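The next block holds one structure in the form of structure tokens; read it before the comments.
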Amino acid sequence: MIICEQGIRYRASLPAAMVKAFSCNSLKSLKNTWQNTPPSWGNGDPCGTPWEGVTCKNSRVTALIPAGCGFTGSIPDELGNLAELSFLALHKNNLTGKIPSSLAKLSNFYWLDLADNHLTGPIRVSTPTTPGLDLLRKAKHLLFDGNLLDGTIPSTLGLVQTLEEFSNNKLKGPLPDLTGMNALNYENLSNKAFFPSEAPAWFSTLPSLTTLILKNNAFSGQLDMGESVGPLLQLVDLQNNNISSEIQGALHSQMLVIVNNSTPAASLANLSKSPRWKARTVR
């Protein structure tokens with residue numbers, strides 16, 4: 001299903017026919033790039049025919065949701081021409097190639113879901129000459145899990161306030177510092193080849209964070225929750241790491257998963273005695 005509420009922002013001087021043609025050409029680039037598209041994706045007007053899964057209003061598009069359709073091919077640069085596109089869900093397809101930097105021009109993006117495809121290459125961030133995904137400052141949901149992305153998670157991506165899913169890729173390098181992401185509520189950075197380091201301290205400072213999943217990494221040393229943690233924090237999953245020292249800090253009603261680490265059993269026993277902290281062992 002593709003939902004279109006309002007669409008591309010054009011200058012008032014542009015004729016309506018030009019606006020319509022520009023939108024149609026951008027959408028037709030999908031048909032020309034992807035395989036296994038629905039039969040209704042013909043040569044007519046995607047909004048006027050209409051194409052299956054495409055809903056338009058006044059020939060303007062803000063959301064495309066062709067998820068789980070089995071599309072193959074790459075993500076065309078032309079999608080970046082839909083300047084008011086705010087919702088794009090391409091998850092559970094068979095898309096390949098790199099994430100086009102042109103998507104960074106879509107400053108009104110609210111939801112970008114590219115999960116469970118075969119996308120490769122690095123996560124592109126802006127340079128003096130090209131845009132990057134760090135410019136998607138209004139995004140609330142960014143989902144890239146289940147691809148073949150490589151390289152590091154750039155530090156400037158922390159400027160996007162609500163990163164969510166990067167698990168199950170080929171990303172490596174240092175764990176990004178997400179300090180200051182005060183709108184972040186859910187983050188999954190599991191199954192990464194992050195450089196060995198202590199578990200991050202920034203997660204205890206994020207006021208909106210409810211869930212942090214960092215399992216299957218190489219975090220080591222001491223886990224210190226600090227003197228206070230975010231009021232909404234419910235789950236910190238650090239299982240299958242190398243954390244070894246005693247766990248200390250503020251004991252609220254959160255839940256910590258730390259099985260299959262090197263932490264002494266006494267540390268978990270001490271936590272379990274606190275009425276304000278619940279330590280859970282998952283097998």
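All of these numbers come straight from a predicted model, not from anything done at the bench.
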Legend entry - Exam field: side chain N241 to backbone A218, donor-acceptor pair closer than 3.5 Å: yes

Legend entry - Side chain N94, main chain T96, donor-acceptor under 3.5 Å: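 Absent.
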
Inset, instruction - Look at the side-chain heavy atoms of Ile, Leu, Val, Met, Phe, Trp and Tyr, link any pair under 4.5 Å apart, and say whether L106 and L135 land in one connected group. - result: no

Non-hydrogen atoms of [X] and [Y] that approach each other most closely:
X: F194; Y: P176; value: CE2-CD, 4.1 Å
X: N182; Y: P207; value: OD1-CD, 3.4 Å
X: S86; Y: N108; value: CB-O, 3.2 Å
X: N117; Y: N93; value: OD1-C, 2.9 Å
X: P76; Y: P100; value: O-CG, 4.2 Å
X: H118; Y: L148; value: O-CD1, 4.3 Å

Inset, instruction - Look at atom NZ of K92 and say whether more than 12 heavy atoms of other residues, nucleotides or ligands are closer to it than 6.0 Å. - result: no

With sequence neighbours excluded, tell me which residues meet side chain to side chain donor-acceptor pair (under 3.5 Å) with [X].
X: N216; answer: N191, N240
X: D113; answer: H91
X: S102; answer: none
X: T120; answer: none

What residues, two or more places apart in sequence or in another chain, satisfy side chain to side chain contact (heavy atoms under 4.5 Å, CB included) together with [X]?
X: P38; answer: S40, W41, E52, F71
X: N169; answer: N147, L149, L171
X: N36; answer: T72
X: L214; answer: L175, L189, P200, L212, N217, F219, L238

Report the distance from atom [atom1] of [X] to atom [atom2] of [Y], rounding to the nearest 0.5 Å.
X: L235; Y: I213; atom1: CG; atom2: CD1; value: 6.0 Å
X: S208; Y: N185; atom1: OG; atom2: CG; value: 7.0 Å
X: L88; Y: W111; atom1: CG; atom2: CH2; value: 12.0 Å
X: T37; Y: N32; atom1: OG1; atom2: CG; value: 9.0 Å
X: S197; Y: N242; atom1: OG; atom2: CG; value: 10.5 Å

Check: residues 121-132 side-chain donor-acceptor pairs under 3.5 Å, at least two apart:
from	atom 1	to	atom 2	distance (Å)
S126	OG	D134	OD1	3.3
S126	OG	D134	OD2	2.8
T127	OG1	T129	N	3.3
T127	OG1	T129	OG1	3.4
T127	OG1	T130	N	3.0
T127	OG1	T130	OG1	2.8

Inset, instruction - Carefully, step by step, assess F203 and L178 under the rule side-chain contact (heavy atoms from CB on, under 4.5 Å). - result: CA-CA 8 Å; F203 72 83; L178 304 184; over 6 Å; no

Inset, instruction - List in chain and number order the residues that pass ring-ring contact (aromatic ring centres under 6.0 Å, His included) with Y110, two or more places apart in sequence or in another chain; answer none if no residue qualifies. - result: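 ring-ring contact (aromatic ring centres under 6.0 Å, His included) list for Y110, sorted by chain: H141.
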
Legend entry - Residues which pass ring-ring contact (aromatic ring centres under 6.0 Å, His included) with W202, listed by chain and number, not counting sequence neighbours: none

Legend entry - CA sep, side-chain torsions, deciding dist, call: L142, F166, side-chain contact (heavy atoms from CB on, under 4.5 Å): CA-CA 9 Å; L142 295 181; F166 283 87; 5.5 Å; no

Inset, instruction - Show your working on side-chain contact (heavy atoms from CB on, under 4.5 Å) between D145 and N188 and close with a plain yes or no. - result: CA-CA 9 Å; D145 52 305; N188 188 345; over 6 Å; no

Inset, instruction - May I have the step-by-step check of side-chain contact (heavy atoms from CB on, under 4.5 Å) for S74 and T33, ending in yes or no? - result: CA-CA 7 Å; S74 60; T33 302; 3.5 Å; yes

Legend entry - Reference residue F144; test side chain to side chain contact (heavy atoms under 4.5 Å, CB included); the match among D116, L119, I99, I153: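 Only one of D116, L119, I99, I153 forms a side chain to side chain contact (heavy atoms under 4.5 Å, CB included) with F144, namely I99.
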
